[in-house]
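Before any comments, here is the structure.
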Amino acid sequence: MTLALLTADPAPPARMRLADRILGGALVGQGSCAATTRSWPVQTVVAPRLDSTREQLQELWQTDADCESGEFAGIVFRRNAELLYGVLQLAESDFAGHADCPPLQAASKEAYRRIFALLDAQALPQLWRVWNYFADINRESDGLERYRQFNIGRHEAFQACGRAASGQVPAACAIGLRDGPLNIAFIAGRQVPLAIENPRQVSAYAYPPEYGPCSPTFSRAVLVSLPQQDILFLSGTASIVGHRTVHRHDVAGQCRETLDNIAAVVDEANRRGQTAFSMAELTYRAYLRHGDDFPLLYAALAERLGDEASVVCLQAEICRSDLLVEIEAMATHPVRSR
Ligand code: 3EB
């Protein structure tokens, strides 16, 4: 079994027979394609695109075996024997007045409970990588920043479903968009991945309480070893050393520190796994709080990765109000024999 990330800028793949082998995908940016129906689950990430004059990018997860589609508790998913990709959107308004917690917390808990129920029912229980988006991530409501509300709901679901909330946890990102529902996509499978941490950073699930009553439930990266392929999913990575934000108000400094953190996570993955990933071969998605900072991000990326790097960049909000940039990445490597 193999997985590949394809990008079509912005048209769907020309040879539609490939559609049988597409697990799902994402439409990234702002544009008019959003309403087009596809025969696979699509996460729509509506945010201004900074890296290209094209408004919208289509990303596809292509595999090498035919896939089947399904729906479960509002989750649209597609799977084959080893892999599952799903997308779920929950309107926070449906959780207003519900329980004695903020709607976003209740929606986050419910979303993750449904995801775990689906994965258990499909017997593909390992959650590898999660993309979390919601509106106004830094706004305070009910006396707590919304990102912190999300962390509580997510953590409660991991616990309620008997899942480890530290150590063996998925790679993730959590990004603020201008509006829209709680919008989650995920890749899961049968294989237990290797959770990778960053020696330069405190693990997110062990952050001290100054960052919120409940620590974020994600690992810095996961390394999945399939029989024919190693897959590395790098979580959203930012300018954090130890547990503290560094280079406040200095976007160029934050970009360089973020790339140092990515280099450290890649080194750690290479030390723990059997594949040598290089930073230059990763496919990146970057988020900038201020669109005007794109030239500075581009310069930092070019200095580090050369001009050939594959980077999609969006203007979006980062989960700490003092963070100006966050970068995530993935790569696959064929494996000859195990
Ligand atoms: C950080 O390192 C920056 O809550 O799922 C990065 C990736 C971040 C994932 C999440 C948050 C998340 O803490 C923020």
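First listed ligand is number 1; within each ligand, the first listed atom is number 1.
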Return the set of residues passing side chain to side chain donor-acceptor pair (under 3.5 Å) with Arg178 (not counting sequence neighbours), or none when no residue passes.
->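 Arg178 satisfies side chain to side chain donor-acceptor pair (under 3.5 Å) with Gln315 only.
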Parallel, tilted or perpendicular: rings of Phe233 and Trp131 (30°, 60°) |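 Perpendicular, since the angle between the ring planes exceeds 60°.
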Please name all residues satisfying ring pair (Phe, Tyr, Trp, His ring centres under 6.0 Å) with Phe150, sequence neighbours left out, ordered by chain then number.
->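 Partners of Phe150 under the ring pair (Phe, Tyr, Trp, His ring centres under 6.0 Å) test: Phe134.
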Qualifying side chain to side chain donor-acceptor pair (under 3.5 Å) pairs, either residue in residues 290-304, two or more places apart |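 The answer is Asp260-Arg304.
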Write none if no such pair exists; otherwise list each N/O atom of ligand 1 with its protein N/O partner under 3.5 Å and the distance.
| unit_1 | atom_1 | unit_2 | atom_2 | d |
| --- | --- | --- | --- | --- |
| ligand 1 | 2 (O) | Tyr207 | OH | 3.1 |
| ligand 1 | 2 (O) | Arg220 | NH1 | 2.8 |
| ligand 1 | 4 (O) | Tyr147 | OH | 2.5 |
| ligand 1 | 4 (O) | Arg154 | NH2 | 2.7 |
| ligand 1 | 5 (O) | Arg154 | NH1 | 2.7 |
| ligand 1 | 5 (O) | Arg154 | NH2 | 3.3 |
| ligand 1 | 13 (O) | Tyr207 | OH | 2.6 |

Lys/Arg-Asp/Glu bridge criterion (N-O < 4.0 Å) met for Arg248, Asp250 |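 No, this pair does not count.
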Do the charged groups of Glu156 and Arg113 touch, with an N to O distance under 4.0 Å?
->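 A salt bridge is absent here (no side-chain N lies under 4.0 Å from a carboxylate O).
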